[in-house]
Engineer: 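Okay, here's the structure, questions in a sec.
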Amino acid sequence: MLMVGGITALVLLLAERNLATTVARDFERAFADELSALQRVQQLRHAALAERCRALVRKSRIHAALEDGALDLLYPSAADELRDIMVAADAASSAGLHAEFYRFLDRTGAVIPPPPSAAVGALTPVESAQLVLPRVPPAPQLGYIARPAPADAPFEIITTPIVSTETGEVIAALVHGFKPFAVVAPGHTRGLFLGGRLH
């Protein structure tokens with residue numbers, strides 16, 4: 001009787017361990033699949049945004065203002081060219097493909113300040129200072145800028161170089177700020193550690 005009881009208890013213990021291992025493995029596989037799917041969606045979104053930004057920096061009016069040194073005409077010229085990518089006042093978001101703001105960087109990586117009346121999207125001086133780069137990048141770059149508490153989530157930034165049609169050199173960059181990617185799988189929370197705090 002004791003031997004049968006002992007064997008039964010041992011079989012139950014082994015079955016329980018086997019079941020726990022199987023459940024843990026299935027949970028890890030499901031989590032990895034969900035994470036992979038989210039990463040694919042995010043990569044597709046980044047590719048779509050990068051392509052839109054590349055198309056915008058080819059606009060002739062933007063090139064003319066930069067190459068002729070007419071920086072006072074840069075933002076007014078860009079307002080018409082960039083209208084379709086900017087967020088409308090009555091539409092907070094459209095599948096995350098509309099920009100919250102844009103700015104131009106000169107060839108040294110400094111922000112070219114917009115005129116006070118330009119509809120380029122609001123940024124605080126602290127946020128604007130985070131756009132400055134050591135130099136204009138030769139290829140598009142993706143990044144984030146932190147926003148002071150208690151602001152919303154950080155901005156996702158795409159910096160696209162503007163290449164001179166005359167010399168082929170990078171003469172400036174266009175920076176767009178977007179709301180960060182917000183698709184989250186049920187039961188999961190995403191975060192970004194930036195600027196010394198978790199967003």
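Since the model is a prediction, treat every value here as computed from it, not as a measurement.
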Engineer: Do F101 and H176 touch side chain to side chain, with heavy atoms closer than 4.5 Å?
Structural biologist: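 Contact flag for F101/H176 side chains = no.
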Engineer: For the pair Y75 (side chain) and I112 (backbone), establish whether a donor and an acceptor sit closer than 3.5 Å, ignoring hydrogens and angles.
Structural biologist: yes
Engineer: Taking all heavy atoms of A139 and all of P161, pick out the closest pair and write down the distance.
Structural biologist: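 Looking at all heavy atoms of both residues, the shortest contact is C-CD, 3.7 Å.
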Engineer: Using a 4.5 Å cut-off on heavy atoms from C-beta on, say whether the side chain of V136 contacts that of T108.
Structural biologist: no
Engineer: Is a side-chain N or O of R103 found less than 3.5 angstrom from the main chain of V120, in a donor-acceptor match?
Structural biologist: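 At least one qualifying donor-acceptor pair exists.
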Engineer: Counting C-beta onward and ignoring hydrogens, is there a side-chain heavy-atom pair between L174 and Y102 closer than 4.5 Å?
Structural biologist: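 Yes; the side chains approach each other to less than 4.5 Å.
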Engineer: Are L133 and L105 close enough that some pair of their side-chain heavy atoms sits under 4.5 Å apart?
Structural biologist: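 Yes. Closest side-chain heavy atoms under 4.5 Å.
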Engineer: How many angstroms lie between atom CZ of R25 and atom OG1 of T22, to the nearest 0.5 angstrom?
Structural biologist: 5.0 Å
Engineer: Please walk me through it: do F178 and I157 pass side-chain contact (heavy atoms from CB on, under 4.5 Å)?
Structural biologist: CA-CA 6 Å; F178 300 89; I157 305 298; over 6 Å; no
Engineer: How long is the gap from OG1 on T21 to CD on E16, to the nearest 0.5 Å?
Structural biologist: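 T21 atom OG1 to E16 atom CD measures 10.5 Å (nearest 0.5 Å).
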Engineer: Counting N and O atoms only, with roles assigned by atom type, does the side chain of Q130 sit under 3.5 Å from a partner on the main chain of A146, one being a donor and the other an acceptor?
Structural biologist: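 Yes, because the side chain of Q130 sits within donor-acceptor range (under 3.5 Å) of the backbone of A146.
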Engineer: Distance-only check: which donor-acceptor pairs under 3.5 Å involve side-chain atoms of residues 61-70, not counting sequence neighbours?
Structural biologist:
unit_1, atom_1, unit_2, atom_2, d
R61, NH1, D80, OD2, 3.4
H63, ND1, E67, OE2, 3.3
H63, ND1, V163, O, 3.4
H63, NE2, V57, O, 2.8
E67, OE1, S164, OG, 3.4
E67, OE2, T165, N, 3.0
E67, OE2, T165, OG1, 3.1

Engineer: Just do the side-chain contact (heavy atoms from CB on, under 4.5 Å) check on E169 and R107 with the steps written out, would you?
Structural biologist: CA-CA 10 Å; E169 297 176 11; R107 66 177 65 234; 3.8 Å; yes
Engineer: If Ile, Leu, Val, Met, Phe, Trp and Tyr residues are connected whenever their side-chain heavy atoms lie under 4.5 Å apart, and connections chain through other members, are I162 and L142 in the same group?
Structural biologist: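 Shared cluster, yes.
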Engineer: At their closest point, which heavy atom of T159 faces which heavy atom of A173, and how far apart are they?
Structural biologist: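 Shortest heavy-atom separation between T159 and A173 comes out as CG2-CB, 3.9 Å.
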Engineer: Hey, could you give me the NZ/CD distance between K179 and E100, rounded to the nearest 0.5 Å?
Structural biologist: 5.0 Å
Engineer: Going by heavy atoms in the side chains, are L131 and F104 under 4.5 Å from each other?
Structural biologist: no
Engineer: Applying side-chain hydrogen bond (donor to acceptor under 3.5 Å, both in side chains), name anything that partners N18, two or more places apart in sequence or on another chain.
Structural biologist: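 So N18 forms no side-chain hydrogen bond (donor to acceptor under 3.5 Å, both in side chains) with any residue.
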